Amino acid sequence: MRRVTLRETVFADIPAFFEQQTDPIARELAAYPLKEWERFESGWRRSIEEEVHILRTIDVEGVVAGHLVAWQENGDAFFGYWLDRALWGQRIMTAAIAEFLPLIPSRPLFATVAVHNDASAALLIRAGFIEVERRIADDGVLEILFRLD
């Protein structure tokens with residue numbers, strides 16, 4: 001397996017994250033709307049500056065491969081992730097999640113996945129999450145809510 005490391009997220013990572021979110025197949029699976037640069041960049045810049053999220057960049061042999069993020073939402077801890085589609089199927093995200101989860105002190109920890117994203121649901125189950133419910137998100141996407149105790 002390729003060398004996967006997590007490191008602190010820095011401003012210089014944002015352009016790579018932006019390019020990764022433009023992939024139409026990845027966006028469709030994640031049910032993630034395309035964001036224009038200014039909105040995308042300002043959101044990430046704010047997250048880095050305010051330090052209210054736990055952010056890590058996934059580095060694969062010196063290349064920005066994706067990210068992991070944890071945040072509080074209505075008193076609950078959530079986490080999410082993104083990996084460059086060119087790296088799917090190589091167990092990179094499995095390794096990254098295993099390293100990231102111990103950094104999040106809050107339990108239970110929640111994650112959501114679009115109901116049609118079988119690979120992401122399987123990834124969460126391998127990491128120990130259990131399905132809690134299927135629901136319609138605020139944006140109208142049918143999603144699965146997972147919990148890790």
Side-chain angles (χ1 to χ4, degrees), residues 1-11 13-14 16-23 25-35 39-40 43-61 63-149:
M1 187 166 102
R2 299 168 78 177
R3 185 176 51 83
V4 177
T5 56
L6 297 187
R7 61 170 174 75
E8 294 285 332
T9 299
V10 296
F11 297 125
D13 297 333
I14 299 172
F17 296 164
F18 180 78
E19 284 305 312
Q20 291 160 1
Q21 68 97 36
T22 65
D23 182 288
I25 294 171
R27 275 197 343 272
E28 181 179 327
L29 280 172
Y32 184 82
L34 181 63
K35 294 180 181 174
R39 183 171 168 224
F40 187 89
W44 271 100
R45 183 168 290 281
R46 191 171 46 257
S47 293
I48 293 169
E49 288 171 347
E50 293 176 3
E51 299 179 358
V52 296
H53 299 79
I54 300 172
L55 305 170
R56 292 297 181 273
T57 295
I58 303 167
D59 184 293
V60 177
E61 299 175 352
V63 176
V64 173
H67 66 270
L68 300 119
V69 58
W71 69 94
Q72 292 288 317
E73 185 176 308
N74 299 321
D76 290 322
F78 278 83
F79 108 105
Y81 46 88
W82 195 278
L83 183 67
D84 188 320
R85 187 165 60 94
L87 300 170
W88 290 1
Q90 299 178 34
R91 303 196 57 84
I92 290 167
M93 189 55 79
T94 299
I97 287 174
E99 188 176 336
F100 186 69
L101 290 179
L103 303 177
I104 306 168
S106 300
R107 295 292 186 272
L109 178 62
F110 296 94
T112 59
V113 173
V115 73
H116 59 270
N117 192 342
D118 295 334
S120 195
L123 180 68
L124 290 174
I125 291 166
R126 277 195 311 274
F129 284 78
I130 59 168
E131 182 176 330
V132 174
E133 70 177 327
R134 292 173 183 235
R135 64 188 191 180
I136 298 176
D138 293 339
D139 59 5
V141 172
L142 181 58
E143 66 183 14
I144 306 169
L145 176 68
F146 286 91
R147 183 184 75 233
L148 179 68
D149 291 321

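Computed from a predicted structure; not experimentally measured. Numbering of residues begins at 1 and proceeds along the displayed sequence.
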request  = Answer yes or no: are there more than 12 heavy-atom neighbours, outside Ile136 itself, under 6.0 Å from its atom CD1?
outcome  = no
note = Heavy atoms of Ala111 and Phe78 approach each other most closely as N-CD2, 4.2 Å
ask   = What do the steps show when you test Asp149 against Arg107 for side-chain contact (heavy atoms from CB on, under 4.5 Å), and what is the final call?
value = CA-CA 6 Å; Asp149 291 321; Arg107 295 292 186 272; 5.8 Å; no
query = Does Glu8 come within less than 4.0 Å of Arg56, counting only side-chain N to carboxylate O?
reply = yes
key: Partner residues of Phe129 under the ring-ring contact (aromatic ring centres under 6.0 Å, His included) criterion, sequence neighbours left out   = Phe79
inquiry  = Tell me whether Arg135 contacts the main-chain N or O of Glu143 through its side chain, where contact means a donor paired with an acceptor under 3.5 Å.
reply    = no
ask   = From Thr22 OG1 over to Leu34 CG, what is the distance, rounded to the nearest 0.5 angstrom?
value = 7.0 Å
inquiry  = Taking the side chain as everything from C-beta on, heavy atoms only, tell me whether Phe40 gets closer than 4.5 Å to Phe17.
reply    = yes
ask   = So, for Ile54 and Leu103, which heavy atoms are closest and what is the spacing to 0.1 Å?
value = CD1-O, 3.5 Å
query = Under 4.5 Å between any side-chain heavy atoms of Asp23 and Tyr32, yes or no?
reply = no
ask   = From His53 NE2 over to Arg46 CZ, what is the distance, rounded to the nearest 0.5 angstrom?
value = 8.5 Å
request  = Verify, without hydrogens or angle tests, whether Asn117 (side chain) and Leu29 (backbone) share a donor-acceptor contact under 3.5 angstrom.
outcome  = yes
task = Might you point out which heavy atoms bring Ile97 and Ala127 nearest each other, and give the distance in Å?
result = CG2-CB, 3.9 Å
query = How long is the span from the CZ atom in Arg147 to the CG atom in Leu124, to the nearest 0.5 Å?
reply = 13.5 Å
key: Close side-chain approach of Gln90 to Val4, heavy-atom, < 4.5 Å   = no
query = Going by heavy atoms in the side chains, are Phe11 and Glu49 under 4.5 Å from each other?
reply = yes
Inter-residue atom distance Trp82.CH2 - Ser120.OG, 0.5 Å rounding = 10.0 Å
Expected output: side-chain Asp13 to main-chain Val10 donor-acceptor under 3.5 Å = yes
task = Answer yes or no: is there a donor N or O on one side and an acceptor on the other, between the side chain of His116 and the main chain of Glu28, under 3.5 Å?
result = yes
request  = For residues Arg91 and Arg126, determine if any side-chain heavy atom of one lies less than 4.5 Å from a side-chain heavy atom of the other.
outcome  = yes
request  = Take Asp59 and Leu6, measure what side-chain contact (heavy atoms from CB on, under 4.5 Å) needs, and give me the verdict at the end.
outcome  = CA-CA 6 Å; Asp59 184 293; Leu6 297 187; over 6 Å; no
I'd like a table of donor-acceptor pairs (distance under 3.5 Å, sequence neighbours excluded) in which one partner is a side-chain atom from residues 63-72, with atom names and distances.
| from | atom 1 | to | atom 2 | distance (Å) |
| --- | --- | --- | --- | --- |
| Trp71 | NE1 | Glu73 | OE1 | 3.0 |

message = With heavy-atom distances below 4.5 Å as the criterion, would you say the side chains of Phe100 and Tyr81 are in contact?
response = no
CG on Asp118 to CG on Leu123, rounded to 0.5 Å = 12.5 Å
query = Does any non-hydrogen side-chain atom of Ser47 lie less than 4.5 Å from one of Ile14?
reply = no
key: Any donor-acceptor N/O pair, Glu131 side chain to Ile144 backbone, under 3.5 Å   = no
request  = Look up atom CD1 in Ile125 and atom CG in Leu148, then write down how far apart they are to the nearest 0.5 Å.
outcome  = 12.5 Å
